[in-house]
Amino acid sequence: MQKFDVICFDLGGVLLDISGVNDILGWLGNKQTLPEFWFKWLHSPAVKAFEAGLSSENEFIARVVKEFELPINEAEFEQSYRYWIKGVFNGTFALLSKLQKDYKLVCLSNTNTIHWPEVEATGILDFMQTAYVSFQMQAVKPDATIYQKMLADLNVPPERVLFFDDNQINVDAAIDCGIESYRVVGEGALENQLHALKLI
């Protein structure tokens, strides 16, 4: 019997190229590493409120520019942020097509009303039986609530779910909820990890 019933994916950094985030690092003089930035981003009150569906786009944009002390105006940030998603990593559709023959595929993503239309346009959701989305669930990773809501909806034990995310803090939170989880970042990383787990 196979070990997992469900494979759950974060989207950005795992299946989707979100290299647009490098704009912020550049504005900040590249003084932070990407993991340092993501740690701060995931803990940002402005980001958490927006991605939990609890603030408007305009409120989010104004708060992020101020909170991160960005040396740009709100319009410049919005123009960059709207296009953080650059597309689907090479080979992703073929990989998901292979996996969906044996597993239920779902995604669990911190996202928002600005980025969600861009996600939908990639076609990645065609491979997902369910999309668990922070701004619709009013909960965000790495808070335990979002994992618990997903597990309740899936109605499977946590040990039957395999999860991939590009941020270690989200991986650790999933592990704390009993979900076997791995950090994968960038093109090819997911496929390599699946090979290591002997799932493909």
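Starting from 1, each residue takes its place in the sequence as its number. The shown structure was predicted, so the numbers you read here are calculated from the model rather than taken from an experiment.
- Linking Ile, Leu, Val, Met, Phe, Trp and Tyr residues whenever their side-chain heavy atoms come within less than 4.5 Å places Leu25 and Ile72 in a single cluster.
- One hydrophobic cluster, built from ILVMFWY side chains closer than 4.5 Å, holds both Leu15 and Leu199.
- Interatomic distance, CG of Leu11 versus CD1 of Ile18, reported as 9.5 Å (0.5 Å rounding).
- Within a 6.0 Å sphere centred on NZ of Lys66, heavy atoms belonging to other residues, nucleotides or ligands number 12 at most.
- Side-chain contact between Leu108 and Lys141 is present, with heavy atoms from C-beta onward closer than 4.5 Å.
- At a threshold of 4.0 Å, the pair Arg183-Asp166 does not count as salt-bridged, since none of the basic side-chain nitrogens sits closer than that to a carboxylate oxygen.
- Closest of all the heavy-atom pairs between Met150 and Cys8 is SD-SG, 3.6 Å.
- The two atoms that bring Ser181 and Ala174 nearest to each other are OG-CB, 3.2 Å, heavy atoms only.
- Rounded to the nearest 0.5 angstrom, Glu51 CD and Ile146 CD1 are separated by 9.5 Å.
- A donor-acceptor contact closer than 3.5 angstrom links the side chains of Ser19 and Asp17.
- Contact of the Asn112 side chain with the Tyr81 side chain is registered, since non-hydrogen atoms from C-beta on lie closer than 4.5 Å.
- With no hydrogens or angles considered, a side-chain donor-acceptor pair links Glu57 and Thr113 at under 3.5 Å.
- Between Leu96 and Leu105, the shortest heavy-atom distance links the atoms O-CD1, 3.5 Å.
- No side-chain heavy atom of Leu194 sits under 4.5 Å from any side-chain heavy atom of Val184.
- Scanning for side chain to side chain donor-acceptor pair (under 3.5 Å) contacts around Ser134 gives an empty result, with sequence neighbours left out.
- Residues Ala46 and Val64 come closest through the heavy atom pair CB-CG2, 4.0 Å.
- Distance check, rounded to the nearest 0.5 Å: CG of Asp172 to SG of Cys177 gives 11.0 Å.
- Rounded to the nearest 0.5 angstrom, Arg63 CZ and Asn58 CG are separated by 13.0 Å.
- Between Leu70 and Phe77 the shortest side-chain heavy-atom distance falls below 4.5 Å.
- Side-chain contact between Ile200 and Glu191 is present, with heavy atoms from C-beta onward closer than 4.5 Å.
- Looking at every heavy atom in both residues, Ala139 comes nearest to Ala52 through N-CB, 4.1 Å.
- When the options Phe93, Phe9, Tyr103 are evaluated for a ring pair (Phe, Tyr, Trp, His ring centres under 6.0 Å) with Phe127, the one that passes is Phe93.
- For the residue pair Tyr83 and Asp23, no side-chain donor N or O sits within less than 3.5 Å of a side-chain acceptor on the partner.
- In the hydrophobic clustering of this structure, Ile169 does not group with Phe37; members are Ile, Leu, Val, Met, Phe, Trp, Tyr whose side-chain heavy atoms approach within less than 4.5 Å, directly or through other members.
- Asp5 has a carboxylate O that lies under 4.0 Å from a charged side-chain N of Arg160, or vice versa, which qualifies the two as a salt bridge.
- Ion pairing between a basic and an acidic side chain is recognised when a charged N comes within 4.0 Å of a carboxylate O; Glu78 and Arg82 show such pairing.
- In terms of modelled atom types and a separation under 3.5 Å, the side chain of Asn73 and the main chain of Glu76 share a donor-acceptor contact.
- Between the side chain of Gln136 and the main chain of Val133, no donor-acceptor pair closer than 3.5 Å is present.
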message = Apply side-chain contact (heavy atoms from CB on, under 4.5 Å) to residues Phe164 and Ile7 and explain how you reach the verdict.
response = CA-CA 8 Å; Phe164 297 100; Ile7 301 180; 3.8 Å; yes
message = Applying side-chain contact (heavy atoms from CB on, under 4.5 Å) to Val47 and Phe60, what does each step give before you reach the verdict?
response = CA-CA 7 Å; Val47 173; Phe60 162 71; 4.0 Å; yes
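- Hydrophobic clustering (ILVMFWY, side-chain heavy atoms < 4.5 Å, transitive): Ile114 and Phe135 are in one cluster.
- Looking at Thr122, its side chain never comes within 3.5 Å of a backbone N or O of Glu120 through a donor-acceptor pair.
- Remark: the backbone N or O of Lys149 is not paired with any side-chain donor or acceptor of Asp153 at under 3.5 angstrom.
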ask   = Could you go step by step and tell me if Val14 and Val185 meet the side-chain contact (heavy atoms from CB on, under 4.5 Å) rule?
value = CA-CA 6 Å; Val14 176; Val185 185; over 6 Å; no
ask   = How far apart are the C-alpha atoms of Phe4 and Val161, what are their side-chain angles, what is the distance that settles it, and do they pass the side-chain contact (heavy atoms from CB on, under 4.5 Å) test?
value = CA-CA 6 Å; Phe4 304 106; Val161 180; 5.8 Å; no
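- Between Tyr132 and Tyr147 the shortest side-chain heavy-atom distance does not fall below 4.5 Å.
- A side-chain donor-acceptor contact under 3.5 Å links Glu180 and Tyr182.
- Considering all non-hydrogen atoms of both residues, Thr111 and His115 come closest at OG1-CB, 3.5 Å.
- Using a 4.5 Å heavy-atom threshold, the side chains of Ile24 and Gln32 count as separate.
- For Glu69, the CD atom sits in a loose shell: 12 or fewer heavy atoms of surrounding residues, nucleotides or ligands are nearer than 6.0 Å.
- Rounded to the nearest 0.5 angstrom, Ile124 CD1 and Ser109 OG are separated by 11.0 Å.
- The closest donor-acceptor contact from the side chain of Glu36 to the backbone of Thr33 lies under 3.5 Å.
- Linking Ile, Leu, Val, Met, Phe, Trp and Tyr whenever their side-chain heavy atoms come within less than 4.5 Å puts Leu34 and Ile85 in one cluster.
- Here the CG atom belonging to Asp143 is positioned 4.0 Å from the NZ atom belonging to Lys48, to the nearest 0.5 angstrom.
- Taking the six-membered ring for Trp and the full ring otherwise, the centers of Trp27 and Phe68 sit at least 6.0 Å from each other.
- Using a 4.5 Å heavy-atom threshold, the side chains of Trp41 and Val21 count as separate.
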